[in-house]
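The structure displayed is predicted, hence computed values, not measured ones.
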Amino acid sequence: MRGIKTMKKKSQALALRRPLGALVLAMSSLLLLPACSKKEAAPLNSAKVIRYIGYVNYYPIFIADVKGFFREEFGDAVTFEFNHRMNGGAAAMEAMAAGEVDFAALGDMPIVQARANGLDVRVISSLFSSTAGYGLVAAKNSNIHSIQDLRGKKVAVMGASVQNKLLLKYLEKEQIPLDALDILYMKSRDQLAAFVGNNLDAAVTAVPYTQNIIEKTGAYEVLDASGYDTIHTYIAARGAFLEQNPEYVEKFLRAIIKANAWISAHYDETMQLAAEAEGNKIEYEDIYYKTRTFDFGLTDDKLDGLQDTIDYLLKQETITERLDARSFSEKRFIAKVTQ
């Protein structure tokens, strides 16, 4: 997928709308394709391939893959294709829109945007929630100690992301107009180089990128998301796959729950495996895990958080219709496997 170009935004509406433009265009094109000829419906739970996209540090899914919990649930009848190096949530939703992905773990913003643009994506469980894992980091000599100090500064954030939403929450609560600072849209992994080159004053980013920036440039954390937003990450499924393979959805979630229990009993090994897979430091994996609460139930607070993102995107005019989070959240699967 093409990287999100660095650009300055002049309004809050454009701040969220433009980074998502590629996703809107891709989905609109897919929705305009002529309808395929009707085929005879396949028997339930007959899929031969299951495809997932996410990140290594979405640990329960990663461990369910590498430790064989999916194979334990499904046996040998299904082939698994796992991509643990997702190129952002918008890219994951584009892949799902093209029918290339059945399950994805990602933040709520790309899910809502995809749903608003006609993709039948369903939320089937929570993955984790966090406030301490996201926040504002400032360059060593920036003299930034609060949100108010961002005025006139160059601030990086990944577009179409929960970090983007958090930045807007910061500014809105502190009554700072968007054009009071210079916002540079860049992927989290590119922000370190910008700090090293003295091209940034601050960034709204996430663990473990925060630790890399601090360690290698002398930057410091100003504050996290506490009091501004709670970041939620969900597991989503392609609607057609879900309807055609309901038992497989249950098996998928059951494997993840087993893996989560295994992590508790084999924590050090989990961190080692994740660090090796990512080429990361074990201590950074440890920080990432401990700044998130892994909890799969679609409780009211999780659904309210999803609805908050819907309302926020509507306010920013990124979507034009108020969606109902509960209408595309399928609680039945996680409820059944956890009862």
Asks: Is the F252 ring parallel, tilted or perpendicular to the Y52 ring (thresholds 30°, 60°)?
Replies: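 The rings of F252 and Y52 sit tilted, inter-plane angle from 30° to 60°.
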Asks: Closer than 4.0 angstrom, basic N to acidic O: yes or no for R51 and D102?
Replies: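 D102 and R51: salt-bridged.
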Asks: Do D295 and T293 pass the side-chain hydrogen bond (donor to acceptor under 3.5 Å, both in side chains) test, and can you show the C-alpha distance, the side-chain angles, and the key distance before you say yes or no?
Replies: CA-CA 6 Å; D295 181 8; T293 300; over 6 Å; no
Asks: Main chain of I50, side chain of Y248: is a donor-acceptor contact present, judged purely on distance under 3.5 Å?
Replies: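 Between the backbone of I50 and the side chain of Y248 there is no qualifying donor-acceptor contact (under 3.5 Å).
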Asks: Charged N to carboxylate O below 4.0 Å: is that the case for D300 and R326?
Replies: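 Yes.
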Asks: If you look at every heavy atom in A104 and M93, which pair is closest and at what distance?
Replies: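 For A104 versus M93, the nearest heavy atoms are CB-CE, 4.2 Å.
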Asks: Using only heavy-atom distances, determine whether the side chains of E278 and Y288 contain a donor-acceptor pair under 3.5 Å.
Replies: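 No donor-acceptor contact under 3.5 Å links the two side chains.
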Asks: What's the shortest heavy-atom distance between G159 and N164, and which atoms?
Replies: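 Nearest pair, atom of G159 first, then N164: CA-OD1, 3.7 Å.
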Asks: Regarding K165 and T309, do their side chains bring together a donor and an acceptor under 3.5 Å, going by distance alone?
Replies: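 There is such a pair (donor and acceptor under 3.5 Å, judged by atom type) between the side chains of K165 and T309.
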Asks: Which heavy atom in A114 sits nearest to a heavy atom in V121, and how many Å separate them?
Replies: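 Looking at all heavy atoms of both residues, the closest pair is CB-CG1, 4.4 Å.
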Asks: Any idea which heavy atoms bring I319 and I310 closest together, and the distance?
Replies: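 Taking I319 first and I310 second, the nearest heavy atoms are CD1-O, 3.6 Å.
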Asks: Taking the six-membered ring of Y134 as reference, does the cationic atom of R292 (NZ for Lys, CZ for Arg) lie under 6.0 Å from its centre and within 45° of its axis?
Replies: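 Cation-pi check for R292 and Y134: passes.
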Asks: Nearest 0.5 Å please: distance from the OH atom of Y59 over to the CG atom of L273.
Replies: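 Output value for this atom pair is 11.5 Å.
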Asks: Using only atom types and a distance under 3.5 Å, with no angle test, would you say the side chain of Q307 pairs donor to acceptor with the backbone of L323?
Replies: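 At least one qualifying donor-acceptor pair exists.
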Asks: Heavy atoms, side chains only, cut-off 4.5 Å: are K154 and N199 in contact?
Replies: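 Not touching, per the 4.5 Å side-chain cut-off.
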Asks: Do E243 and R122 sit within salt-bridge range, that is, some charged N less than 4.0 Å from a carboxylate O?
Replies: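 The answer is yes: the pair qualifies as a salt bridge.
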Asks: Would you mind telling me which of H266, E285, K281, E276 makes a side-chain contact (heavy atoms from CB on, under 4.5 Å) with M271?
Replies: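 Looking at H266, E285, K281, E276, the match for M271 under the side-chain contact (heavy atoms from CB on, under 4.5 Å) is E285.
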Asks: Please check if the side chain of K153 supplies one atom and the backbone of S142 the other of a donor-acceptor pair under 3.5 Å.
Replies: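 Confirmed, K153 side chain pairs with S142 backbone.
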Asks: Would you call Y58 and F128 a side-chain contact if the rule is heavy atoms closer than 4.5 Å?
Replies: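 Result yes, sub-4.5 Å side-chain heavy-atom pair found.
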Asks: Determine whether the side chains of D229 and Y170 contain a donor N or O and an acceptor N or O closer than 3.5 Å.
Replies: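 Checked: D229/Y170 side chains show no N/O donor-acceptor pair below 3.5 Å.
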Asks: Kindly confirm or rule out a cation-pi arrangement of K169 over Y228, judged by NZ or CZ under 6.0 Å from the six-membered ring centre and within 45° of its axis?
Replies: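 The answer is no; the distance or angle limit is not met.
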Asks: Regarding R71 and D65, does a basic nitrogen lie under 4.0 Å from an acidic carboxylate oxygen?
Replies: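 Salt bridge: no.
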Asks: Please state whether the rings of F82 and H84 are parallel, tilted or perpendicular, taking 30° and 60° as the class boundaries.
Replies: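 Parallel, since the angle between the ring planes stays under 30°.
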